[in-house]
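Convention: sequence-line order gives letters A, B, ...; per-chain numbering from 1. Fair warning: this is a prediction, and the values are worked out from it, not measured in the lab.
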Protein chains: 2
Amino acid sequence: MATGSRTVPPRSSVWLSERKTTKRKGDQQPVGLDHLKIVAATMRLLDAEGLSGFSMRRLAAELGVTAMSVYWYVETKDHLLELALDAAMGEIALPIEAVGPVGAVGPVEGLEHAPAEPRDWHEQLRQLASEYRRVLARHPWLSALLGEYLNIGPNAVSFQSAALAVMRNSGLPDDRITSALALVYQFVYGFGTIEGRFTARCRAAGATQEELFHEMMGAVEDRMEFDEARKIMEARGGTTVQEMQDRDFTFALDLAIAGIEALRER
Amino acid sequence: MATGSRTVPPRSSVWLSERKTTKRKGDQQPVGLDHLKIVAATMRLLDAEGLSGFSMRRLAAELGVTAMSVYWYVETKDHLLELALDAAMGEIALPIEAVGPVGAVGPVEGLEHAPAEPRDWHEQLRQLASEYRRVLARHPWLSALLGEYLNIGPNAVSFQSAALAVMRNSGLPDDRITSALALVYQFVYGFGTIEGRFTARCRAAGATQEELFHEMMGAVEDRMEFDEARKIMEARGGTTVQEMQDRDFTFALDLAIAGIEALRER
DNA sequence: ACCTGAACACCGTTCAAGT
DNA sequence: ACCTGAACACCGTTCAAGT
């Protein structure tokens with residue numbers, strides 16, 4: 001991907017640069033306009049063509065500009081992709097209740113261990129998880145970028161803050177919260193990755209989800225002792241692939257929540 | 001990555017080809033030798049230089065051969081990467097007890113719902129999870145390939161069979177098993193992805209895990225309402241990054257198992 | 001301050017040709 | 001059956017030059 005990265009890397013991340021890079025026009029107002037347009041066009045291209053179909057030259061063409069113009073606004077292709085990554089993270093709708101406590105000016109006295117209703121954090125966790133899943137599935141390139149870059153942009157940080165705030169209401173002891181977060185967060189990441197890649201693959205092949213699914217099952221079936229497995233697969237239920245995925249996702253989340261509830265007692 | 005994939009794709013996966021592609025020398029024995037050497041060199045290169053550092057031309061140079069020779073053995077770069085992917089999946093050690101039942105000639109009468117000791121499937125699940133994690137962390141390129149390709153090679157299928165066999169012993173009803181599997185499997189995938197990328201990034205930057213970790217925390221810290229979060233992070237425990245990761249991983253798995261145990265009752 | 005053109009050092013892959 | 005060389009259509013990025 002980043003072919004030039006074996007030479008001296010210019011900057012390891014946009015977010016680790018000294019300058020916050022909000023460019024200003026004669027110290028008046030942030031330009032942003034072209035910057036925003038570039039990121040928006042990048043995301044459009046990524047959605048349409050995938051990560052492998054994206055190039056700085058294609059982007060420039062899309063913007064009706066010469067290949068190298070973009071480099072005035074953006075240091076490198078990697079930085080641009082990091083910006084697109086964080087923009088996508090910004091599409092995750094955060095539960096307002098979750099943002100509140102952490103974003104507050106300071107810890108509210110006596111409310112730090114306020115006994116949040118279980119329903120509250122259950123629902124908030126479910127919302128965050130399904131939002132994250134939705135964004136991953138909508139932008140199949142997102143998962144690869146999350147694996148490639150650091151994901152410490154402003155929107156990513158807000159998301160992680162919200163997730164942390166929700167999990168703090170689970171009642172788990174402090175030293176278990178990152179674990180529980182990892183379980184849910186990484187599960188959704190993995191789930192959304194597969195889902196996104198699968199839909200992208202379907203679109204690329206011009207096939208429905210069902211067609212591709214059965215082709216895969218067929219390919220696996222005859223190379224495997226499938227007597228037991230087939231039973232499981234059939235018990236999976238749901239008529240469409242989408243329904244199966246929704247069921248799997250929902251119940252997996254139930255399992256994680258049940259696990260948190262169970263270990264909270266001990 | 002696959003720049004040529006926007007034209008007519010030659011074959012969407014090695015494993016979906018008609019021919020099983022075990023080449024034979026005059027119908028005598030499988031050659032395999034060069035085929036194996038190519039995949040081995042591919043993995044060596046991927047481990048050393050990462051996915052972005054890998055190219056067919058570099059590989060050919062590594063093999064002391066001209067750029068196009070490899071194409072006699074392998075249809076395309078994507079196919080070669082799929083072979084490397086499955087070879088890596090083959091490094092996952094499977095619990096023998098798990099492979100047994102599924103690999104058996106047929107379902108053993110009366111033993112289909114044999115009451116496996118909880119300890120058994122707990123331990124087997126933990127072993128599979130930590131093996132998978134280990135392989136993902138050792139080969140940081142593996143995660144990206146898993147996201148890119150179908151992962152239906154022979155070793156991948158064996159692994160999935162084993163995972164299914166283990167989960168069948170959990171006592172969950174049949175229609176919940178794929179969900180439980182998704183929870184654990186995708187969690188480990190996500191966890192191993194982050195871990196692998198992080199170690200790769202450290203090596204590339206020539207920094208220790210602790211150095212990079214603190215740099216990241218520093219970058220996030222000042223852009224965030226970190227009062228609450230810091231407390232969690234410190235409660236995380238462990239003196240090294242590795243210890244933190246091990247703790248998080250182990251307890252997250254405990255959570256998943258506890259969730260399965262809890263929902264099995266209902 | 002913003003954009004361009006030519007150039008460099010790479011890619012994956014095709015294809016005709018060698019042995 | 002196996003390997004090569006030249007070529008095609010691409011990359012990301014540098015750099016000197018334009019306005």
Side-chain angles (χ1 to χ4, degrees), chain A residues 1-11 14 19 21-35 37-38 42 45-46 49-82 84 148, chain B residues 1-11 14 19 21-35 37-38 41-42 45-46 49-84 148:
Chain A
M1 221 160 299
T3 14
S5 65
R6 220 151 350 103
T7 71
V8 184
R11 259 285 56 86
V14 217
R19 288 223 120 294
T21 66
T22 46
K23 291 192 184 302
R24 297 178 173 279
K25 210 172 202 161
D27 280 309
Q28 282 179 334
Q29 75 239 357
V31 174
L33 201 139
D34 275 84
H35 215 267
K37 265 203 291 199
I38 287 174
T42 299
L45 220 57
L46 285 169
E49 313 275 0
L51 195 54
S52 63
F54 176 81
S55 78
M56 296 300 272
R57 291 167 131 111
R58 290 256 303 137
L59 173 64
E62 194 79 3
L63 291 167
V65 100
T66 213
M68 294 303 95
S69 314
V70 185
Y71 281 95
W72 197 87
Y73 296 93
V74 129
E75 202 175 335
T76 188
K77 185 193 183 188
D78 288 285
H79 282 199
L80 178 53
L81 290 178
E82 274 192 283
E148 188 82 5
Chain B
M1 223 160 296
T3 15
S5 65
R6 216 145 359 97
T7 71
V8 185
R11 263 275 66 81
V14 219
R19 288 227 120 292
T21 66
T22 46
K23 292 194 183 302
R24 297 179 174 278
K25 209 172 205 161
D27 279 308
Q28 282 179 335
Q29 73 239 357
V31 174
L33 200 139
D34 276 83
H35 214 266
K37 265 204 292 199
I38 286 174
T42 299
L45 220 57
L46 285 169
E49 313 275 359
L51 195 53
S52 64
F54 176 81
S55 78
M56 295 301 272
R57 292 169 131 110
R58 290 256 301 139
L59 173 65
E62 194 79 3
L63 291 167
V65 101
T66 211
M68 293 303 97
S69 313
V70 185
Y71 280 95
W72 195 87
Y73 296 94
V74 129
E75 201 175 335
T76 188
K77 186 193 181 187
D78 288 285
H79 282 199
L80 177 53
L81 290 179
E82 274 192 283
L83 294 174
E148 188 81 6

Across all chains, not counting sequence neighbours, the side chain to side chain contact (heavy atoms under 4.5 Å, CB included) partners of A:A67 are A:R57

Side chain to side chain, B:L81 and B:L46, heavy atoms closer than 4.5 Å: yes

From OH of B:Y71 across to C1' of C:dC15 the rounded distance in Å is 14 Å

From CZ of B:R57 across to C1' of C:dC11 the rounded distance in Å is 6 Å

note: A:E75, atom CD; D:dT13, atom P; distance rounded to Å ~ 10 Å

Rounding to 0.5 Å, atoms CG (A:L59) and CE (A:M56) come to a distance of 6.5 Å

Q.
Please tell me if B:S55 has a side-chain N or O lying less than 4.0 Å from either OP1 or OP2 of C:dC10.
A. no

When rounded to whole Å, the CG to P distance for the pair A:L59 and D:dG12 reads 10 Å

Output row for DNA chain D, stems defined as at least 3 consecutive Watson-Crick or G-U pairs under 3.5 Å, is C:4-8 with D:12-16, C:12-16 with D:4-8

Between CG of A:L81 and P of D:dC11 the distance, given in whole Å, is 14 Å

- [ ] Considering just the side-chain nitrogens and oxygens of A:T76, establish if one lies under 4.0 Å of OP1 or OP2 belonging to D:dG12.
- [x] no

Applied to residues 59-68 of chain A, the salt bridge (Lys or Arg N to Asp or Glu O under 4.0 Å) test, sequence neighbours excluded, yields A:R44-A:E62

Show each protein N/O and nucleotides 3-5 of chain C N/O combination with a separation under 3.5 Å, one pair to a line.
| from | atom 1 | to | atom 2 | distance (Å) |
| --- | --- | --- | --- | --- |
| C:dC3 | OP2 | A:Y73 | OH | 2.8 |
| C:dT4 | OP2 | A:T66 | N | 2.9 |
| C:dT4 | OP2 | A:S69 | OG | 2.4 |

When rounded to the nearest 0.5 Å, the distance separating OG1 of B:T42 from CZ of B:R58 is 12.0 Å

Checklist line | Side chains of B:L83 and B:Y73 in contact at under 4.5 Å (non-hydrogen atoms) | finding: no

note: A:R58, atom CZ; D:dA9, atom P; distance rounded to Å ~ 17 Å

Atom CD of B:E49 and atom P of C:dC11 are separated, to the nearest Å, by 11 Å

